[in-house]
Chemist: 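What follows is a single structure, and I will ask about it in a moment.
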Amino acid sequence: MADCMQEWPEPIVRVQAVAESGLAAIPGCYVKPPRDRPAQQHLAAAANALREPSDDSIPVIDLGELLAAGDGRIDGLITEAVAAACRDWGFFQVVNHGVAPELMRAVREAWRGFFRLPISAKQQYANQPRTYEGYGSRVGVQKGGPLDWGDYYFLHLAPEAAKSPDKYWPTNPAICKEVSEEYGREVTRLCEVLMKVLSASLGLEEARFQEAFGGAECGACLRANYYPRCPQPDLTLGLSAHSDPGVLTVLLADEHVRGLQVRRADGEWVTVQPVRDDAFIVNVGDQIQILSNSVYKSVEHRVIVNAKEERISLALFYNPKGDVPIAPAAELVRPDRPSLYPPMTFDEYRVYIRKNGPRGKA
Ligand code: OGA
Ligand code: NI
């Protein structure tokens, strides 16, 4: 990999440190241009996490019956609902998804415990742009580039050969590794079910997606996000607008504080309200856009922060096997809908994304 990927371009400043310093005004590197700033009414609503039904909430898919039925054919109602959600939003929520609520609570608490440690206790895990594994506070290696109002922790969970070495796993809280591994296995299993549903929703063989992305050797990464309180949430973002590079992202959002926003088809930013504490927010990544020849699009999303409350989220990225070339499925390429993307492996794609940082949809 290129030399510029070995080191960060300037010393890393933890957002937690900036937040705890008590500054009334945030440093200029976090200030976004006016067109990228969140709207005032969104900021107020996010801090008060009201769980009210609203017309613009993203669709909810109940997997209870499908999982109970075992290996049978996937019900047309589910594939229809997923197809509509992917076309209209690129996002959906899943409930009754088979991952135990206690496990979800435990992994959330483990990472909350980690981020609440003093910074000095976390520096030993400081990450590097070469692999991103560990404790990080920026994406992209552009000197003087814009920064987001969030710290994170990034780990590879699967496949076994790619799994992050022990030195990258926090030992405090002691439960972090064990609970993250179990969580990773369970959510990966959910992703495998969702892949079948997505394949079927496009009229393809159920196994088609999984095979195209590398079969049993798909990858999984965990990104735990920590968004500290911010004195000027109207000027910045916890995470700038981006689409996710992989196949699917399964997000476990904070149970108290809202922050994720999705760009709706009309261009408006909509704040996601999880229907339940144990719902997952699922979104389609760039690789599904490529494989589906853009029938399903990976949708831009971003995170807003607020002055009253910090926020934690856990994103599980389900990725293709690194060296498989991904291109539109032949069944979805027709004379009136020619192939929109040349084949590219995920390893190649990821290098490109990491050099450039989150920048809308490249
Ligand atoms: C991500 C992401 C959303 C959130 O990590 O890619 O979009 O709510 N996170 O933290
Ligand atoms: Ni994302």
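Whatever order the structure lists ligands and atoms in, that order sets their numbers, starting from 1. None of the values given here were measured: they were computed from a predicted structure.
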Chemist: Among all protein heavy atoms, pick the one closest to atom 10 (O) of ligand 1 and tell me residue, atom and distance.
Modeler: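 Protein heavy atom at minimum distance: Ser313 OG, 2.6 Å.
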Chemist: Please determine if Arg185 and Glu182 form a salt bridge, counting it only when a charged side-chain N lies under 4.0 Å from a carboxylate O.
Modeler: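 No salt bridge links Arg185 with Glu182.
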Chemist: Where's the contact between Arg258 and ligand 1, heavy-atom distance under 4.0 Å: side chain, backbone, both or neither?
Modeler: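 Within the 4.0 Å criterion, Arg258 makes no contact with ligand 1.
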Chemist: Before we go on, tell me: are the rings of Trp111 and Tyr135 under 6.0 Å apart, centre to centre?
Modeler: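 No - the distance between ring centres of Trp111 and Tyr135 does not fall below the 6.0 Å cut-off.
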Chemist: Is there a donor-acceptor pair closer than 3.5 Å between any side-chain N or O of Lys122 and the backbone N or O of Phe115?
Modeler: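 Indeed, once roles are kept as given, a pair shorter than 3.5 Å links the two residues.
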Chemist: For ligand 1, which atoms have a heavy atom of Leu260 less than 4.0 angstrom away?
Modeler: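 Heavy-atom distances to Leu260 below 4.0 Å select 3 (C), 8 (O).
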Chemist: Could you tell me whether Glu181 and Lys177 have a side-chain N and a carboxylate O separated by less than 4.0 Å?
Modeler: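 A salt bridge links Glu181 with Lys177.
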Chemist: Counting each atom of ligand 1 from 1 as listed, which ones have a heavy atom of Val303 under 4.0 Å away?
Modeler: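 In order of numbering, the contacting atoms are 3 (C), 4 (C), 8 (O), 10 (O).
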Chemist: Check Asp244 and report its N/O/S atom nearest to the Ni ion (ligand 2), by atom name.
Modeler: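 Result for Asp244 and the Ni ion (ligand 2): OD1.
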Chemist: From atom 7 (O) of ligand 1, work out which of His301, Gln261, Arg223, Arg302 has a heavy atom at the shortest distance.
Modeler: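 Among His301, Gln261, Arg223, Arg302, the closest heavy atom to atom 7 (O) of ligand 1 comes from His301.
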Chemist: For Tyr152, is the nearest heavy atom under 4.0 Å from an atom of ligand 1?
Modeler: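 No heavy atom of Tyr152 comes that close to ligand 1.
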Chemist: Side chains of Val257 and Tyr227: does their closest heavy-atom pair fall under 4.5 Å?
Modeler: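 No. Closest side-chain heavy atoms not under 4.5 Å.
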Chemist: Quick test of your reading of the model: are Arg14 and Glu20 salt-bridged, counting only N-O distances below 4.0 Å?
Modeler: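 Looking at Arg14 and Glu20, the cut-off is not met.
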Chemist: Suppose I only count heavy atoms of Ala315 and a 4.0 Å limit; which atoms of ligand 1 are within that range?
Modeler: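 Those qualifying, in numeric order: 5 (O).
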Chemist: Just to be sure I read this right, does ligand 1 sit under 4.0 Å from the backbone of Leu239, its side chain, both, or neither, counting only heavy atoms?
Modeler: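 Contact part for Leu239 vs ligand 1: side chain (C-beta onward).
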